[in-house]
Protein chains: 2
Amino acid sequence: MRRVTIHDVADKAGVSLATVDRVLNGRPGVRKVTIERVQAAVRDLNYEPDAFAAGLAKKRNYRLHFLIPNGPNAFMEDLSREARDFASTLMRERVSVHIEPIDAFDAHRVTGTLAVLDKSVCDGVAVVAPSFPEVRAAIDRLQDRGVHVVTLVSDHPASTRRHFVGIDNVAAGRVAGRLLGRFLPKEPAKIAFIAGSLGLRDHADRYAGCTQVLDNEFPHLELLKVREGRDDNGKNHDIALKLLKEHPDLAGLYNIGAGNRGLIAAIEETRRGAGLTFIGHELTPYTRTALQNGTMDALIAQDPGHEVRSAIRVLKALCDGAPIVEGQERIGIDIFLKDNLPDLA
Amino acid sequence: MRRVTIHDVADKAGVSLATVDRVLNGRPGVRKVTIERVQAAVRDLNYEPDAFAAGLAKKRNYRLHFLIPNGPNAFMEDLSREARDFASTLMRERVSVHIEPIDAFDAHRVTGTLAVLDKSVCDGVAVVAPSFPEVRAAIDRLQDRGVHVVTLVSDHPASTRRHFVGIDNVAAGRVAGRLLGRFLPKEPAKIAFIAGSLGLRDHADRYAGCTQVLDNEFPHLELLKVREGRDDNGKNHDIALKLLKEHPDLAGLYNIGAGNRGLIAAIEETRRGAGLTFIGHELTPYTRTALQNGTMDALIAQDPGHEVRSAIRVLKALCDGAPIVEGQERIGIDIFLKDNLPDLA
DNA sequence: CTAAAAATGAGTAACGCACCTCAGATGCTT
DNA sequence: AAGCATCTGAGGTGCGTTACTCATTTTTAG
C-alpha cells in the first residue's frame with residue numbers, strides 16, 4: 001500500500017520526471033500526445049499529489065486579510081475573535097490572518113483600504129462591507145490584481161467576488177415570517193418591524209422574505225411600517241417604547257437588524273414580554289438571556305465561527321486552485337429557541 | 001517575515017539542532033535545564049512547527065474506518081456518501097477512509113467487527129452503533145489497543161470514546177415540543193408520538209426532551225402514549241392510519257425516529273394534512289417534499305456532511321495529538337421549515 | 001534535406017523536519 | 001583523579017514535490 005508518486009507515473013507513462021512535472025503543473029513545452037499519455041497514467045495509477053510535499057516544496061504561504069467592521073457590535077466582535085482564534089491554530093499550516101477593522105458605513109475609506117492591497121502583500125481577502133457601487137468596483141480591481149476576494153456576511157452579487165460566505169437572508173426573513181405567523185393565534189393582530197436600515201442589503205432581503213410569507217400565508221396579520229434604528233440600542237429603545245404606547249395591542253415584533261439590547265430593555269421595562277412574540281437576529285449574551293427568560297421567542301442566527309472558518313478554507317482553496325467542497329461551505333440558518341441554545345464556550 | 005525554524009530555536013537557545021529535536025519530540029537524553037532553555041526559545045520566537053514538513057518527514061498517514069449501519073435508511077446512506085466524498089478530497093492529505101457497513105441491530109456482529117481492528121490496520125474509528133454494553137466494551141478494548149474511537153450520531157457516554165460527533169437529542173426533543181406547543185392553538189388538543197424504539201438511546205432522549213417541555217409549558221395538551229414502529233415505513237403507515245381513525249381530532253404528531261415516508265403516505269391518503277401539525281426528523285427527499293407541500297410542518301435534522309467531516313477532523317487531530325477546536329466540532333440542531341430548505345446539491 | 005524550433009531526458013538544489021549514529025564533552029561518584 | 005553515566009554536537013539521510021538548468025532528441029518549416 002505504498003503511496004503512488006510521480007516516479008510511478010513517469011515509469012508508467014514512459015517519460016521522465018521532468019515531463020510529468022510539466023504536465024502536472026501546466027508548464028509549457030509538452031506535446032499534446034505526451035500530455036495525454038501522462039494524464040492516462042495518472043488516472044490508471046490513481047495518483048494524487050502529496051499535499052505535504054507540495055506545500056513544502058512550493059514554499060507556499062497564505063496571507064489572508066479580513067476586513068471587519070469595528071464599532072460596538074457583538075456579532076462583528078465574535079467574527080474577529082473567531083478569525084484570530086482559528087488563525088492561531090492554522091499558523092503551522094502557513095496561514096497568516098491579518099484583521100483590519102473598517103468603518104462599514106464609510107464606503108470611501110473601505111475602498112481606500114482595498115485599493116492599497118496587492119499580490120505582494122496578501123493572497124486573499126474576506127470583506128464584510130455594505131453594497132456600495134464603489135466598494136464593488138474596488139473588489140473587482142483587487143481581483144484583477146490577482147488577489148482572491150470573498151464576501152462575508154453581506155454579499156456583493158454584482159462583483160466578481162469568487163464566493164459568498166453567509167446565509168440566505170431572504171430565507172432567513174421567510175423563516176421569521178413563518179414563525180411569527182405560526183406562533184401567533186390565527187386571528188387579526190399587528191406586527192411591527194425594526195431594521196437598521198433598509199438600505200443595507202441583508203436587512204432589505206430579510207424584510208422582503210418576511211413580508212412575502214406573511215402577506216401570502218397569514219393575511220389576517222396587519223404589518224406596520226418598518227422603523228429604522230440604525231442598529232443603535234438607544235434609538236431602538238426609544239422606537240420600541242413609542243411603538244408599544246401607540247399600539248397597546250401589538251402582538252408581534254421582528255427586529256431585522258442589530259440593536260436587540262435596546263428593544264429587550266424597552267419590553268422588559270414595560271412588562272410587555274408575555275403578550276408579545278419577539279423574533280430577532282444573532283446570538284449574543286443579551287439575546288441569549290432574553291430567549292431564556294421569555295422576552296424573545298426565537299432567534300435567527302448565523303455562526304460567526306463557521307463563517308470565518310469557511311472563508312479561510314475557501315480562500316485557501318482558491319489560492320492553490322483546489323476545488324471548493326460546496327456542501328461544506330454552505331452556511332445554514334441557525335434557529336434558536338430557548339431549548340437549543342448552545343452551551344457557553 | 002521568514003518562517004521561524006528549528007535552526008532559529010537552536011541558535012537562540014544556544015544548543016544544537018539535535019537537542020532541539022530531542023526536546024520537541026520528547027526524546028530522552030536532555031537535562032531539565034536544557035529542556036527549559038529550549039522551550040523558552042520556542043516561546044520567545046513563537047516557533048510553530050511546519051505542518052507540511054512534519055507530515056512529509058513523518059511519512060504519516062491516517063487510516064480511518066467508519067462503521068455505518070446498512071439497510072434502507074436515507075440518513076445512513078447520506079452519511080456513507082458524504083464520508084466517501086470527503087475522503088476523496090482528502091486523499092492528498094494522506095487520509096484514507098474505509099467504510100464498513102454493519103448491522104446496527106446485531107450487537108454481536110458489531111462487537112466482532114471492532115474486535116479484529118488493530119493499530120496495524122487503522123489509526124482511528126468512527127462508529128454509529130446502538131448502546132449495548134458489549135459494544136461499549138469493544139470500544140474500550142479497541143482504544144486500549146491504541147486506536148482512537150469517536151462515536152457518531154448515537155453516543156456511548158459510558159465508554160472511553162474520545163469524542164462524540166452528533167447532536168444533543170434531548171435538546172432536539174425539546175425543540176420539537178416547543179414547536180408543537182407554539183404552532184398549535186392554545187386550547188386542549190391531542191398529540192401523538194411515534195418512535196422506532198424507546199430502547200434506542202437517541203429516541204428515548206428526544207422523547208424525554210419533548211414531553212418535558214410539553215408537560216411543563218403546554219399542560220393543556222394531551223399526550224397519547226408512544227407507538228413504536230421500528231423505523232419501518234410499512235409499520236408506521238399502519239400505525240398512522242389506526243391513530244387517525246381512533247383520534248379524528250388529533251392535532252399534533254411527532255415522529256421521533258425514521259420511517260417518515262410511511263407516515264406521510266398515510267396522512268396524504270386520508271387528506272388530514274391541513275388540520276395536523278406534523279414534526280419529524282432528518283431531511284430526505286420524502287420529508288423535503290412533505291415540508292414543501294405542507295404535510296409536514298417542521299423538520300429537525302442533523303447534517304450528515306458536517307458530522308462526517310467533523311469526525312474525520314477529530315480523528316485526525318487525535319492521531320497527531322493536536323487539540324480539538326471545540327466550537328468547530330459542535331454539531332448544531334438544524335431546524336427546517338418550508339422556507340429554509342437548502343438547495344438540492 | 002537542413003536549420004531552427006520544439007519537446008524531452010537527466011539531474012540537482014531547495015523546502016523544514018524526523019530520525020539516526022557516533023564521537024566528544026560534561027557532570028557525578030568514588 | 002579516574003571511571004562512569006549522562007548530555008550534547010555535528011552531520012547525514014529520507015520524505016515527495018517544485019522549479020530550475022542543460023544537453024539531447026524529435027519535429028517542423030523552408
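In what follows, chains carry the letters A, B, and so on, assigned in the order in which the sequence lines appear, proteins first and then strands, with residues in each chain numbered from 1. Predicted model only: the values in this text are computed from it and were never measured. Just so you know, these numbers use all the heavy atoms, side chains as well, and skip hydrogens, waters and symmetry mates.
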Would you kindly compare A18(A) and V15(B) by the position of their nearest DNA chain D nucleotide and give the one closer to the 5′ end?
V15(B)
May I ask you to list the residues of residues 41-51 of chain A, by number, that have any heavy atom positioned under 4.0 Å from an atom of DNA chain D?
Y47(A), P49(A), D50(A)
Between K32(A) (NZ) and dA7(C) (P), how many Å, whole number?
11 Å
Within this structure, what is the CG-to-C1' distance between L17(A) and dA13(C), rounded to whole angstrom?
15 Å
Quick check on R109(B): does its CZ atom have over 12 non-hydrogen neighbours (other residues, nucleotides or ligands) under 6.0 Å away?
no
May I have the distance from D21(A) (atom CG) to dC20(D) (atom P), rounded to whole angstrom?
10 Å
Looking at I6(A), V38(A), V9(A), V15(A), which hits side chain to side chain contact (heavy atoms under 4.5 Å, CB included) with V23(A)?
V38(A)
Whether H306(A) and H306(B) hold their rings parallel, tilted or perpendicular, with breakpoints at 30° and 60°
perpendicular
Looking at H98(B), I'd like to know if its NE2 atom is crowded, meaning that more than 12 non-hydrogen atoms belonging to other residues, nucleotides or ligands lie closer than 6.0 Å.
yes
Taking 4.0 angstrom as the limit, do D144(B) and R141(B) come out as a salt bridge?
no
Base dG9(C) to side chain R22(A), donor-acceptor N/O within 3.5 Å cut-off
yes
R92(A) (side chain) and dG16(C) (base): donor-acceptor pair under 3.5 Å
no
